[in-house]
Amino acid sequence: MASATLPAGLLDALRQAGRVVFLTGSGVSAESGVPTFRDALTGLWSRFRPEELATPEAFRRDPQLVWDWYRERRRQVAAVMPNPAHHAIAALQAWLPETLLVTQNVDGLHQRAGSADTVEFHGNLFSNRCRACGHEAPQLDPEIAAPPPCPDCGELMGPGVVWFGEAIPGEALQRAWRGAAEADVLLAVGTSGLVTPAAALPEVARQAGARVAEINLHPTPLSAQADFVVTGPAALSLPAMVAALIKKSP
Ligand code: BV8
Ligand code: ZN
C-alpha cells in the first residue's frame, strides 16, 4: 500500500512542537463509511441541501422530517467503526506533549478511537437538546422514532448538534480559539473549510505564528493558508505520520 509522502518540514515541526491542534472535518470519518456532510443527503433527503435541513427553521417547520434524517445518520454511525485516521490521531495525541482535538464532526468516532477530551465544535448526534429551555440529554438509542418532549418544558427536543444559524457552544468556541492562538502546529484534516467559524481556526493559528498543515483529498480554501499540504486519504497519511514520528523515534 503506497504510503503518503509527508513533507520533512512538517515532521520536523511536529517533533519540535509543544502544542499541536487537530481540526477535523467529515473527511476523517469518510473511510469509516460515514458520508461526508456534503454527501450526507441521499435518498429521501437528496432534494435538500444540508443548509436547508440542519437548521432550527427546518425543525420548526417539519420536526419529523428533520428527526428522520438524524435518526438515519445515528443508525449509520452506530453501525460503523473508527478508521485508521481516528486511531492515528489518538496515537499522535498520546505521543505529542500537548494536543487539542477540535472536531466539526458529530459522530463521536474520535472518542470511540480513544481521543478523550475532544472539543465537539458542532455538538454530537448522540444527544438531544431543547431549543426552548436548553435542557440537554444523551440520546444513545438511535431508533427513537420521534422527537421526544422536553422533560422540563414539554417542547419537542431536537438532536444535540449545532445547526446553521445557531451559535457554537461557548466553552467549545473558547477552547478551540485559545488552542489555535497558542498552537505551534495546526493540522486541518478532512475539512472543506467552508463552514464558519470553524474554518477561521487555521488562520487564527497562522496569525499567531503556528505552522499549518492541511490533509485532504483535494485543495480547499484552507490550502492557501497552509505551510504544508498533504494530498491523499487521511486513513493513509495520518498512519504514515505515526510511522514516521513514533515508530522511528529513537
Ligand atoms: C454561526 C452539525 C452565528 C449539524 C454543522 C449565509 C447565511 C446564513 C449563515 C451563513 C451564511 N454564510 C455563513 C454563514 C454561517 C454558517 C456557515 O458557515 N454556513 C456555510 C454553509 C457557508 N455557520 C453557522 O451558521 C454556524 N453558526 O455562524 O452562528 C451566530 C452567532 C451568535 C448567535 C447566533 C448565531 C454554525 C455552523 C455549524 C453547522 N453545523 N454540523 C449536522 O451535522 O447535521 S456543519 C457541518 O458541515 C459539519 O459538521 C461539518 O462541519 C460541515 C461540513 O464541513 P466538513 O466537515 O468539511 O465536510 P464536507 O463534507 O464539507 O467536506 C469534507 C472534506 O473532507 C472535503 O474537503 C473532502 O475533500 C475531504 N475528504 C473526503 N474524504 C477524505 C477527505 N479528506 C481526507 N481523507 C479522506 N478520505
Ligand atoms: Zn425544554
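Computation of the quantities below employed the complete heavy-atom set of this structure, encompassing side-chain atoms and omitting hydrogens, waters and symmetry-equivalent molecules. For reference, positions follow the sequence shown, starting with 1. Start at 1 and go down the list; that is how both ligands and their atoms are numbered.
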Quiz item: Which of the atoms of ligand 1 are close to Val195, meaning less than 4.0 Å from one of its heavy atoms?
Solution: 18 (O), 37 (C), 47 (O), 52 (C)

Exercise. Return a yes/no value for Ser192: is any of its N or O atoms, backbone included, closer than 3.5 angstrom to an N or O of ligand 1?
Key: yes

Exercise. Please check if atom CD in Glu57 has more than 12 non-hydrogen atoms from other residues, nucleotides or ligands closer than 6.0 Å.
Key: yes

Quiz item: Would you call Glu166 and Arg129 a salt bridge, using N to O less than 4.0 angstrom?
Solution: yes

Exercise. Please work out which of Gln104, Glu31, Arg49 has its closest non-hydrogen atom nearest to atom 51 (O) of ligand 1.
Key: Gln104

Practice problem: Count the heavy atoms of every other residue, nucleotide or ligand shown that sit under 6.0 Å from CD of Glu171, and state whether that count exceeds 12. | Solution: no

Quiz item: List-wise, which protein N, O or S atoms are found short of 2.8 Å from the Zn ion (ligand 2)?
Solution: Cys130 SG, Cys133 SG, Cys150 SG, Cys153 SG

Quiz item: Is there any N or O on Ser26 that sits under 3.5 Å from an N or O of ligand 1?
Solution: yes

Quiz item: Of all the atoms in ligand 1, which lie at a distance below 4.0 Å from a heavy atom belonging to Ala234?
Solution: 77 (C), 78 (N), 79 (C)

Practice problem: Compute the shortest N/O to N/O distance between Gly25 and ligand 1 and return yes if it is under 3.5 Å, no if not. | Solution: no

Self-check item: Ser115 and His86 side chains, donor-acceptor separation under 3.5 Å
Solution: no

Exercise. Classify the side-chain pair Gln104/Glu120 by whether it contains a donor and acceptor separated by less than 3.5 Å.
Key: no

Quiz item: Is there any N or O on His218 that sits under 3.5 Å from an N or O of ligand 1?
Solution: no

Quiz item: Can you tell me if Thr103 and Thr24 form a side-chain donor-acceptor pair at under 3.5 Å?
Solution: yes

Practice problem: Name the option, out of Val66, Asp107, Thr196, that contains the heavy atom nearest to atom 28 (O) of ligand 1. | Solution: Thr196

Quiz item: Any non-hydrogen atom of Tyr70 lying under 4.0 Å from ligand 1?
Solution: yes

Exercise. Identify, by atom number and element, the atoms of ligand 1 in contact range of Trp163, meaning under 4.0 Å from any of its heavy atoms.
Key: 36 (C)

Practice problem: Check whether any N or O atom of Asn105, backbone or side chain, sits under 3.5 Å from an N or O atom of ligand 1, and answer yes or no. | Solution: no

Exercise. For residues Ala244 and Leu11, report the shortest heavy-atom separation together with the two atoms involved.
Key: CB-CD1, 3.8 Å

Self-check item: Ala167 contact mode with ligand 1 (heavy-atom cut-off under 4.0 Å)
Solution: both

Self-check item: Within-shell test, Gly165 vs ligand 1, heavy atom, strictly < 4.0 Å
Solution: yes

Exercise. Between Glu166 and ligand 1, find which residue part has any heavy-atom pair under 4.0 Å and reply side chain, backbone, both or neither.
Key: backbone

Practice problem: Taking only Lys NZ, Arg NE, NH1 and NH2, and the carboxylate oxygens of Asp or Glu, determine whether Asp141 and Arg71 approach each other closer than 4.0 Å. | Solution: no

Practice problem: Would you please say whether a donor-acceptor pair under 3.5 Å links the side chains of Asp12 and Gln16? | Solution: no

Exercise. Answer yes when Glu143 and Arg75 have at least one side-chain N-carboxylate O distance shorter than 4.0 Å, and no when they do not.
Key: yes

Exercise. Kindly confirm or rule out an N or O of Asn216 lying under 3.5 angstrom from an N or O of ligand 1.
Key: yes

Quiz item: Out of Asn83, Leu222, Val162, Ile168, who gets a non-hydrogen atom closest to atom 2 (C) of ligand 1?
Solution: Val162

Practice problem: State yes or no: are the ring centers of Phe59 and Trp163 separated by less than 6.0 Å? | Solution: yes

